[in-house]
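Working notes for the structure below.
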Amino acid sequence: MSGNHQTLALLLFSAFVAVTLAITTWVSRNRHGSAEEFYAGGRLFSPMENGFAISGDYMSAASFLGVTGLISLYGYDGLLYVVGFLVAWLVVLFLVAELVRNCGRFTLADVVAARMSERPVRIAAGTSSVTVSVLYLVAQMVGAGSLVALLLGGTSEAARNWTVIGVGALMVIYVSLGGMRATTWIQIVKAVLLLSGAMALTALVLVRFHGDLNELLRSAAERSGHGDAFLAPGLKYGGSWTARFDFISLGLALVLGTGGLPHILSRFYTVPTARAARRSVVWSVGLIGGFYLMTIVLGFGAAALVGPETVRGSNAAGNTAVPLLALDLGGGANSTGGTVLFAIVAAIAFATILAVVAGITLASSASVAHDLYASLRRRHAKPRSEVAVARAAAVGIGVVAIALGLLARDLNVAFLVGLAFAVAASANLPVLLYSLFWRSFTTRGAVWAVYGGLVPALVLVLLSPVVSGSPESLFPSVDFQYFPLQNPGLVSIPLGFLAGWLGTVTSAEPPDEAKHAETEVRALTGAGAV
């Protein structure tokens, strides 16, 4: 890439970082230091503001970079991510949003602990939430590294590594200084930027093909080298029975995982009422749905105009398809239009990564402080000391995410997020649904549900082709691959539900009918909600 690309993109990066740091500084001067302020932004956001923030949290580097890249490389099979990410919001809208807002205070563990023995449940749910958050963070770090590698011509490993470290440092600053209020405003700014950028690129792709979607698809199929197979199922997930089971596994993880993502659940506590939480989800579904329709056009546009070989040559996993498409749409590598458009898209993608890592880090540091720290101390921490622990936890989580991001830098971002969704669907969703809807659910059932989904999911990932046994693995030189699927959801999600049921029916502890009745009334009516 030319020096013009680098200079302009770095200027735009710097402008976004300056704006977001200004927001963070302004919020940190006006904060009260309470747990409610730090974790939930004082519960003062409107449904529209929160809807934009939720969509900002959800439209991550996986969506903008990873999904578009997968569609450009694999055509129809890449659409699975689009469908899965969007359909998941029906689960959130009908089963999760209002009930979680009414029953909890700051985290997933609040909902479960309302009718269980608090300490073991909080430790289990907190451990699971931090694990999911770190997996999700790694995907964003990988996206940041891919972007900067493209910007600097792909030659500087050191620059790529320093970018990951820089993103980690910024996210720690956002969270520790600004808390939820700063994070929410950063998400809103980022959502507006991302939607505007996607709309502009989509319009340019459609103009290039004179608004003829059939011509776009035909050109993408011809340029792909696969012909009509590019527009039919099976290019990535149809070669064998293993690939087909991987397809089912990934679909399950994407559809069920959103309802268990800690940084999405924590968003429902930033509005004053359950009705506002539901309206937030309606706003976010509209925004996210429109965005994913645009990613389809962008993915096929990248295949038709840039070509899968060029995309793969720039980044083997396809993470740079959107910036390369912007370069082409603007007039090519050495044109002023190409330089400007490339720089704008790269800056928007970088802004996306910064905003999402801030939201995830906040959710995971809340789990450490509010669930793990408060439980392991054997007494409730004072609000101010708990917030101090959350700030310290943000630093620790940032360090772990940076280390793993450097390790996993060559994997597809959307694929990494699929793993995070699988763990969330296996460990968090079963305990959440059982707590809300099963009268006989017990403490043992809750703990078993979390660990019965979390441990198998992590073990199966370690034994899968993702970690070893193939050239694309994290450790290609060794082979301890015993599980054939890349995504563990098909096995680990049923195990999470089964473990919760088994723990409950074998428990000597009688279920607390009164607490369930109280939780049910609170969930459905909001009576007694914080």
Side-chain angles (χ1 to χ4, degrees), residues 54 58 88-118 120-133 136 252-269 274 277-278 281 363-364 366-367 370-371 420-457 489 492-504 511-512 515-516 518-520 522-524 529-530:
I54 289 172
Y58 198 69
W89 281 95
L90 296 177
V91 177
V92 176
L93 180 61
F94 293 120
L95 296 179
V96 174
E98 283 187 86
L99 307 182
V100 164
R101 174 63 190 84
N102 281 336
C103 290
R105 191 161 170 244
F106 301 127
T107 64
L108 163 71
D110 289 337
V111 180
V112 184
R115 50 179 289 222
M116 308 289 171
S117 177
E118 202 162 321
V121 166
R122 283 196 181 277
I123 292 170
T127 302
S128 171
S129 294
V130 171
T131 305
V132 172
S133 298
Y136 211 112
L252 274 174
L254 295 180
V255 170
L256 299 177
T258 301
L261 292 176
H263 65 291
I264 297 297
L265 294 175
S266 65
R267 283 258 151 244
F268 300 133
Y269 301 123
R278 186 180 69 244
V281 175
S364 51
S367 291
H370 186 62
D371 299 328
F421 273 63
V423 177
S426 305
N428 291 351
L429 191 67
V431 73
L432 181 61
L433 294 184
Y434 278 149
S435 297
L436 290 171
F437 298 109
W438 191 12
R439 184 179 299 276
S440 302
F441 198 43
T442 63
T443 300
R444 179 193 277 187
V447 173
W448 282 28
V450 173
Y451 291 129
L454 179 65
V455 174
S492 59
I493 295 171
L495 282 178
F497 281 99
L498 179 64
W501 172 80
L502 194 62
T504 298
D512 193 327
K515 276 192 177 177
H516 175 267
E518 182 184 324
T519 302
E520 192 172 39
R522 184 171 165 181
L524 296 175
V530 176

Candidate pair Trp501 and Tyr434, rule ring pair (Phe, Tyr, Trp, His ring centres under 6.0 Å), full reasoning: CA-CA 9 Å; Trp501 172 80; Tyr434 278 149; 9.5 Å; no
On a heavy-atom basis, which atom in [X] and which in [Y] lie closest, and how many Å separate them?
X	Y	value
Ala446	Val121	CB-CG2, 4.0 Å
Val130	Ser364	CG2-O, 3.8 Å
Val112	Ser435	CG1-OG, 3.5 Å
Ser128	Val450	CB-CG1, 3.7 Å
Gly445	Thr504	CA-OG1, 3.4 Å
Met116	Thr442	SD-C, 3.3 Å

Does a side-chain heavy-atom distance below 4.5 Å link [X] with [Y]?
X	Y	answer
Phe268	Val281	yes
Trp89	Ile54	yes
Asp371	Ile123	no

Show your working on side chain to side chain contact (heavy atoms under 4.5 Å, CB included) between Thr443 and Glu118 and close with a plain yes or no. CA-CA 8 Å; Thr443 300; Glu118 202 162 321; over 6 Å; no
Run the numbers on Val431 and Phe441 for side chain to side chain contact (heavy atoms under 4.5 Å, CB included), then give the verdict. CA-CA 9 Å; Val431 73; Phe441 198 43; 4.1 Å; yes
From [X] atom [atom1] to [Y] atom [atom2], the distance as rounded to the nearest 0.5 Å:
X	Y	atom1	atom2	answer
Leu95	Leu432	CG	CG	9.0 Å
Leu436	Cys103	CG	SG	5.5 Å
Tyr58	Arg267	OH	CZ	14.5 Å
His370	Arg122	NE2	CZ	4.5 Å

Using the side chain to side chain contact (heavy atoms under 4.5 Å, CB included) rule, take Val100 and Tyr269 through it: C-alpha gap first, then chi angles, then the decisive distance, then the call. CA-CA 8 Å; Val100 164; Tyr269 301 123; 3.2 Å; yes
Candidate pair Val91 and Thr258, rule side chain to side chain contact (heavy atoms under 4.5 Å, CB included), full reasoning: CA-CA 8 Å; Val91 177; Thr258 301; over 6 Å; no
Would you kindly say whether Ser492 and Ser426 are connected by a side-chain donor-acceptor distance under 3.5 Å?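 Yes, because at least one side-chain N or O of Ser492 sits under 3.5 Å from a partner of the opposite role on Ser426.
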For Arg444, all residues meeting salt bridge (Lys or Arg N to Asp or Glu O under 4.0 Å), sequence neighbours excluded: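 Arg444 satisfies salt bridge (Lys or Arg N to Asp or Glu O under 4.0 Å) with no other residue.
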Any side-chain to backbone donor/acceptor pair from Asn102 onto Leu99? Under 3.5 Å, distance only.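 Not at all, since once roles are kept as given, no pair shorter than 3.5 Å links the two residues.
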Ser266 side chain to His263 main-chain N or O, any donor-acceptor pair under 3.5 Å?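 Yes, because the side chain of Ser266 sits within donor-acceptor range (under 3.5 Å) of the backbone of His263.
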For Ser129, which residues count as a side chain to side chain contact (heavy atoms under 4.5 Å, CB included) partner, sequence neighbours excluded?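 Leu108, Pro262, Ser367, Asn428.
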What residues, two or more places apart in sequence or in another chain, satisfy side chain to side chain contact (heavy atoms under 4.5 Å, CB included) together with Leu429?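 Checked Leu429 against side chain to side chain contact (heavy atoms under 4.5 Å, CB included); matches are Leu256, Leu433.
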